[in-house]
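In this chain, numbering begins with 1 at the start of the sequence shown.
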Amino acid sequence: MGEFWEFIINIFNTEAFPPRWHCGRWSEFHGWLYIASDVAIWAAYFTIPLMLISFIRRKKNVPFPRLFWLFGAFILACGTTHLIDAIIFWFPIYRVSAVVRLLTAVVSWGTVLALYRVVPKALQLRTPRELEEQVNLRTHELNQTITKMRFMADAMPQIVWTAKPNGMLDYYNQQMVEYSGKSIDYLLGTGWEELLHPDDQNTTLEIWGNAVRFGTAFEIENRLLAANGNYYWHLTRGVPQYAEDGTVECWVGTATNIELQKRAAETLEKTVYERTEELRQANDMLLKSNKDLESFAGFASHDLQAPLRSISNYLSILEDRNRTILDDSFKSYINKAVDLCKRMRSLIETLLEFSRTNSTRAEMNPIRLQRLVENVTHTIYDEYPQKATIFNETRHTILGDETMLTQVLHNLIVNGIKYNPNENAIITISSTESSSHTFISVRDNGSGIAQEYLEKIFDAFTRLDSSVSGSGLGLSITRRIVEKHGGSISVASEVGVGTTFTIAIPKQ
Ligand code: ADP
């Protein structure tokens, strides 16, 4: 330990050694050759680290920069040993020399270790040539992709465009060139704006401007000027492509010609408008003719009934006054004439009723079916005493116009009696219900109706049996009333067995 401290303390002490000039027999030439070479080596070794440091500083991203520093230190240390070797010719600083050599050894081994670690990694680094080849390959692939994309875009029937994030158009496909007859140079940037129809310019630019500002997709219908000088409707769409940080990288868009659809839609709209107008006019005319018909029916019933009444009165007077002188056949003619007058009156009344069914409003009230059927049955028993047996099997309550539904049941029950060859007609009225409707059935054991007439009997003035008196309006009045209630009527029948009419009335 004492020797170590003595070494440190006397590190610059040169007393123990003679200068190198005095060791051995140096010739002038040999000595100065040695000294000059050592100094030259030192100068070079001093310059190399400086150049390395300046290189690292100026060249960014140099791989393994610490290794460069280590190399610098190693070369500097080596250079210093040479400088000391030269100095020792005059000043024998052998202790300093030993320390410098020790430092050089440490730095050298540090460099060796660092190199040992770095070499495998360095081997994986690509040479500039390899890098260049890779760049060329990538560029080639990129160009191929671009060519493919452009080919695809050109093959599309639509106009395709792309734009920079700031909205400047930087690509148009061939379709746009052909459609507009303008050059790509003209179209790019803001040239396309001049192709917009003057009426669509403001809206399009505003929507496009907002899309660019907020980075959102857009869609607009606008007219674009074609090479033939006409404007055609297009559906223009633009979608932004976002970078990872959410900013817009570029815009991709299309413009699809929708002229045909637009024209078809316009024609359709026009046709619908025209048809609606026609329908409205027809409806107005129908309403007017209905009104005319009603007023005519009113007038007819009133003005025809009065003379009819007078005719039958005069016939009765004629019969009374000449009772003694008239023979029986004459009296029977007068009676027939009176009967015909009555029948004509009832016909006129039915006709009036038929025309009124349309205009009269249904007064909706809850009606107990059992009571309703009972009332109708009483009236009918008065009209057809001992000719029918009527079963009332109804239980439900319905919502409807009592007067109108009385009429419906009256028509159906009377038909069941009228068109019935049996001595005693049996009529059954029953009711059932579903969640939405109440069903009322009127079943008879009458003559029945052949299948081919089942639909027709509801038409006005349809009569299948002229041997029985009637107007041919009863069932059409019935159907109108049922439909006024939002319901429907159906019939099932078998000739010789009987007929069942079923009415469905909505619960609400
Ligand atoms: P009408 O006033 O002649 O009875 P309707 O409209 O009530 O007129 O009936 C039309 C035709 O339907 C009748 O002429 C008759 O032939 C037939 N018809 C109606 N109801 C029945 C029934 N219950 N049974 C057999 N035929 C019927």
Side-chain angles (χ1 to χ4, degrees), residues 139 141-278 280:
T139 312
E141 282 171 1
L142 202 64
N143 283 339
Q144 269 187 333
T145 312
I146 291 172
T147 314
K148 214 166 160 183
M149 298 294 280
R150 297 223 156 142
F151 179 72
M152 255 170 68
D154 284 342
M156 280 172 75
Q158 285 127 317
I159 291 167
V160 179
W161 52 267
T162 63
K164 293 185 178 135
N166 65 1
M168 290 299 270
L169 275 279
D170 58 3
Y171 169 76
Y172 262 122
N173 68 345
Q174 194 55 25
Q175 191 71 21
M176 180 59 163
V177 177
E178 280 164 24
Y179 173 82
S180 63
K182 307 277 185 212
S183 69
I184 285 284
D185 287 345
Y186 173 89
L187 294 166
L188 295 184
T190 54
W192 63 276
E193 291 172 16
E194 285 162 36
L195 298 183
L196 287 169
H197 189 282
D199 291 350
D200 300 337
Q201 244 168 21
N202 285 347
T203 336
T204 305
L205 293 181
E206 193 185 323
I207 290 179
W208 176 223
N210 282 340
V212 170
R213 196 167 316 129
F214 301 113
T216 47
F218 74 94
E219 187 176 300
I220 183 177
E221 286 182 7
N222 48 19
R223 283 157 287 183
L224 296 178
L225 184 64
N228 64 8
N230 293 328
Y231 285 96
Y232 296 105
W233 279 102
H234 281 76
L235 174 69
T236 305
R237 283 194 178 126
V239 184
Q241 192 188 330
Y242 299 108
E244 270 177 14
D245 63 358
T247 54
V248 174
E249 235 171 23
C250 70
W251 287 88
V252 180
T254 54
T256 312
N257 192 321
I258 51 163
E259 183 66 23
L260 284 180
Q261 289 98 307
K262 267 271 176 194
R263 258 197 247 151
E266 270 167 24
T267 315
L268 192 72
E269 225 166 79
K270 205 169 144 225
T271 315
V272 168
Y273 176 78
E274 282 170 6
R275 293 283 169 280
T276 314
E277 191 54 24
E278 278 171 23
R280 200 185 55 74

**Student:** Check whether any side-chain heavy atom of Trp192 sits under 4.5 Å from a side-chain heavy atom of Tyr172, and report yes or no.
**Tutor:** yes
**Student:** Flag the pair Glu266 and Arg263 as a salt bridge only when some basic side-chain nitrogen lies within less than 4.0 angstrom of an acidic carboxylate oxygen.
**Tutor:**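 No, this pair does not count.
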**Student:** Using 4.0 Å as the upper bound for N to carboxylate O, is an ion pair formed by Asp170 and Lys164?
**Tutor:**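 No, this pair does not count.
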**Student:** Might you point out which heavy atoms bring Ala153 and Tyr171 nearest each other, and give the distance in Å?
**Tutor:** CB-OH, 3.4 Å
**Student:** In this structure, which one of Thr236, Thr204, Val239 forms a side chain to side chain contact (heavy atoms under 4.5 Å, CB included) with Phe218?
**Tutor:** Thr236
**Student:** Measuring from Arg223:CZ to Asp199:CG, what's the distance to the nearest 0.5 Å?
**Tutor:**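 Here the interatomic distance stands at 5.5 Å.
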**Student:** Kindly say whether Gln158 contributes a backbone atom to a donor-acceptor pair with the side chain of Asn173 at under 3.5 angstrom?
**Tutor:** yes
**Student:** Look at the aromatic rings of Trp208 and Trp251 and report parallel, tilted or perpendicular, splitting at 30° and 60°.
**Tutor:**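 Ring orientation, 0 to 90° scale: perpendicular.
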**Student:** Between Arg237 and Thr256, is any pair of side-chain heavy atoms under 4.5 Å apart?
**Tutor:** no
**Student:** Going through the distances and angles, do Trp233 and Gln261 end up as a side chain to side chain contact (heavy atoms under 4.5 Å, CB included)?
**Tutor:** CA-CA 9 Å; Trp233 279 102; Gln261 289 98 307; over 6 Å; no
**Student:** Kindly check if the number of other-residue, nucleotide or ligand heavy atoms within 6.0 Å of CE (Met152) is above 12?
**Tutor:**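 No, CE of Met152 has 12 or fewer neighbouring heavy atoms, counting only those of other groups under 6.0 Å.
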**Student:** Listed by chain and number, what are the side chain to side chain contact (heavy atoms under 4.5 Å, CB included) partners of Thr247, not counting sequence neighbours?
**Tutor:** Ala243, Asp245
**Student:** Are any of the side-chain heavy atoms of His234 and Tyr179 separated by less than 4.5 Å?
**Tutor:** yes
**Student:** Sort out for me which residue in Lys182, Met176, Gln174 forms a side chain to side chain contact (heavy atoms under 4.5 Å, CB included) with Glu178.
**Tutor:**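 Output: one option passes, namely Gln174.
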**Student:** Around atom NZ of Lys262, are there more than 12 heavy atoms of other residues, nucleotides or ligands at under 6.0 Å?
**Tutor:**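 Yes, the 6.0 Å shell around NZ holds more than 12 heavy atoms from other groups.
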**Student:** Tell me, please, which residues at least two apart from Leu225 pass side chain to side chain contact (heavy atoms under 4.5 Å, CB included).
**Tutor:**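 Leu225 satisfies side chain to side chain contact (heavy atoms under 4.5 Å, CB included) with Leu195, Tyr231 once adjacent residues are dropped.
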**Student:** Once rounded to the nearest 0.5 Å, what's the spacing between atom CG of Asn257 and atom CG of Leu224?
**Tutor:** 8.5 Å
**Student:** Atom CD of Glu141 and atom CD1 of Ile146: how far apart are they, to the nearest 0.5 Å?
**Tutor:**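 Interatomic distance, Glu141 CD to Ile146 CD1, rounded to 0.5 Å: 12.0 Å.
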**Student:** Is the count of non-hydrogen atoms from other residues, nucleotides or ligands lying under 6.0 Å from Tyr242 atom OH greater than 12?
**Tutor:**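 Counting neighbours around OH of Tyr242, more than 12 heavy atoms of other residues, nucleotides or ligands fall under 6.0 Å, so yes.
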**Student:** Is the side chain of Glu221 donor-acceptor paired with the backbone N or O of Leu235 at a distance under 3.5 Å, no angle test?
**Tutor:** no
**Student:** Where do Gly215 and Pro240 come nearest, in terms of heavy atoms and distance?
**Tutor:** O-CG, 3.5 Å
**Student:** Under the salt bridge (charged side-chain N to carboxylate O under 4.0 Å, His left out) rule, collect the residues that match up with Glu244, sequence neighbours excluded.
**Tutor:**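 For Glu244 there are no salt bridge (charged side-chain N to carboxylate O under 4.0 Å, His left out) partners, ignoring immediate neighbours.
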**Student:** Which atom names give the shortest non-hydrogen contact between Val212 and Gly167, and what distance separates them?
**Tutor:**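 Result for this residue pair: CG2-CA, 3.9 Å.
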**Student:** To the nearest 0.5 Å, what is the distance between OG1 (Thr276) and CD (Glu278)?
**Tutor:**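 Thr276 atom OG1 to Glu278 atom CD measures 9.0 Å (nearest 0.5 Å).
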**Student:** Nearest 0.5 angstrom please: Ile207 CD1 to Asn202 CG, how far?
**Tutor:**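 Ile207 CD1 to Asn202 CG: 11.0 Å, rounded to 0.5 Å.
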**Student:** Can you find a pair of side-chain heavy atoms, one from Thr254 and one from Ile159, that are under 4.5 Å apart?
**Tutor:**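 No; the side chains remain at least 4.5 Å from each other.
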**Student:** May I ask you to test the Asn222-Leu196 pair for a side-chain heavy-atom distance under 4.5 Å?
**Tutor:** yes
**Student:** Answer yes or no: does atom CG of Asn166 have more than 12 heavy-atom neighbours from other residues, nucleotides or ligands under 6.0 Å?
**Tutor:** yes
**Student:** Once you round to the nearest 0.5 Å, how far does CD of Glu277 lie from NZ of Lys270?
**Tutor:**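 Between atom CD of Glu277 and atom NZ of Lys270 there are 13.5 Å.
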